[in-house]
Amino acid sequence: MHYFSLHSEDQTHIGFFVMTDDDEHETPPQSGQFLVKLQSENPPPAAAERALAPFQDSETTGIWRLEKDRVGLYAADGTPAGRIRNEYLSLGGQTFILEDLAGTF
């Protein structure tokens, strides 16, 4: 499991981005699920909240897959949703910054 602190491009903390692995013994992991947990004290800007809203439900987690030099992100139904490249998360037409909280990915 990987935990990231999720920030807007102006470094405002928005919440957390959590990734789990399908196969914990594969190094590096090749696929899994992801979920967004927004900070409740200070809601993010409306555009960020709309972009992240579909990925907040633990019943319909997003899917991630390692793809060459990035991580592809997909909705639960397999529809492309975004990507992670370096420390940047692109999701729902918005760009966010990830700060690793537990190890490296």
Side-chain angles (χ1 to χ4, degrees):
M1 187 176 298
H2 302 278
Y3 297 93
F4 298 90
S5 180
L6 183 62
H7 300 265
S8 65
E9 289 186 287
D10 68 0
Q11 291 297 324
T12 301
H13 182 255
I14 293 176
F16 299 94
F17 186 84
V18 181
M19 299 171 74
T20 59
D21 307 335
D22 284 336
D23 182 355
E24 294 179 16
H25 303 291
E26 199 168 17
T27 305
Q30 301 295 304
S31 63
Q33 291 80 41
F34 72 91
L35 184 66
V36 173
K37 172 74 170 121
L38 295 180
Q39 177 177 285
S40 59
E41 298 83 34
N42 299 312
E49 190 165 2
R50 279 191 306 275
L52 299 171
F55 306 101
Q56 295 181 65
D57 184 0
S58 61
E59 298 296 316
T60 57
T61 58
I63 301 164
W64 66 267
R65 267 184 282 203
L66 194 57
E67 300 172 346
K68 296 182 183 180
D69 64 343
R70 66 180 183 197
V71 174
L73 302 175
Y74 301 87
D77 66 1
T79 304
R83 71 173 189 271
I84 299 172
R85 186 161 188 207
N86 299 324
E87 71 272 8
Y88 295 98
L89 165 69
S90 297
L91 196 59
Q94 298 285 311
T95 300
F96 305 95
I97 300 170
L98 298 175
E99 291 183 15
D100 195 350
L101 297 177
T104 59
F105 181 72

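Fair warning: this is a prediction, and the values are worked out from it, not measured in the lab. The first residue of the sequence shown is numbered 1, and numbering continues consecutively from there.
Using a 4.5 Å heavy-atom cutoff, the side chains of T61 and T20 are not in contact. The shortest distance between side-chain heavy atoms of F55 and F34 falls below 4.5 Å. Contact of the P29 side chain with the W64 side chain is registered, since non-hydrogen atoms from C-beta on lie closer than 4.5 Å.
Interatomic distance, CE of M1 versus CD of Q33, reported as 10.0 Å (0.5 Å rounding). Atom OG of S8 and atom CD1 of I14 lie 4.5 Å apart (nearest 0.5 Å). Interatomic distance, CG of L52 versus CG of L91, reported as 6.0 Å (0.5 Å rounding). We find the CZ-NE2 distance between F17 and H2 to be 11.0 Å, quoted to the nearest 0.5 Å.
Every residue two or more places apart in sequence or in another chain that forms a side-chain contact (heavy atoms from CB on, under 4.5 Å) with S58 is listed here: L35.
Counting all heavy atoms, side chain and backbone alike, D22 lies closest to S31 at OD2-OG, 2.7 Å. Taking every heavy atom of both residues into account, E67 and G72 meet most closely at OE1-CA, 3.5 Å. Annotation for A75 and A81: closest pair N-CB, 3.9 Å, computed over non-hydrogen atoms.
Y74 and L98 are members of different hydrophobic clusters when ILVMFWY side chains are connected at heavy-atom separations under 4.5 Å. Placement of V18 and L101 within a single hydrophobic cluster is found when ILVMFWY residues are connected by side-chain heavy-atom separations under 4.5 Å, directly or transitively. In this structure, I63 is not a member of the same hydrophobic cluster as M19, with clusters built from ILVMFWY side-chain heavy atoms closer than 4.5 Å.
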Open item on the list: With ring pair (Phe, Tyr, Trp, His ring centres under 6.0 Å) as the criterion, how do H7 and F4 come out once you've worked through the C-alpha distance, each side chain's angles and the decisive distance to 0.1 Å?
Closed with: CA-CA 9 Å; H7 300 265; F4 298 90; over 10 Å; no

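At a cut-off of 3.5 Å, with distance as the only test, no side-chain donor of Q30 or D21 sits close to an acceptor on the other residue.
Among the candidates V36, T95, I97, L6, the single residue satisfying the side-chain contact (heavy atoms from CB on, under 4.5 Å) test with L89 is L6.
Judged by distance alone, with hydrogens and angles left aside, the side-chain atoms of D77 form a donor-acceptor pair with the main-chain N or O of T79 at under 3.5 Å.
Applying the side chain to side chain donor-acceptor pair (under 3.5 Å) definition to pairs two or more places apart or across chains, none involves residues 41-53.
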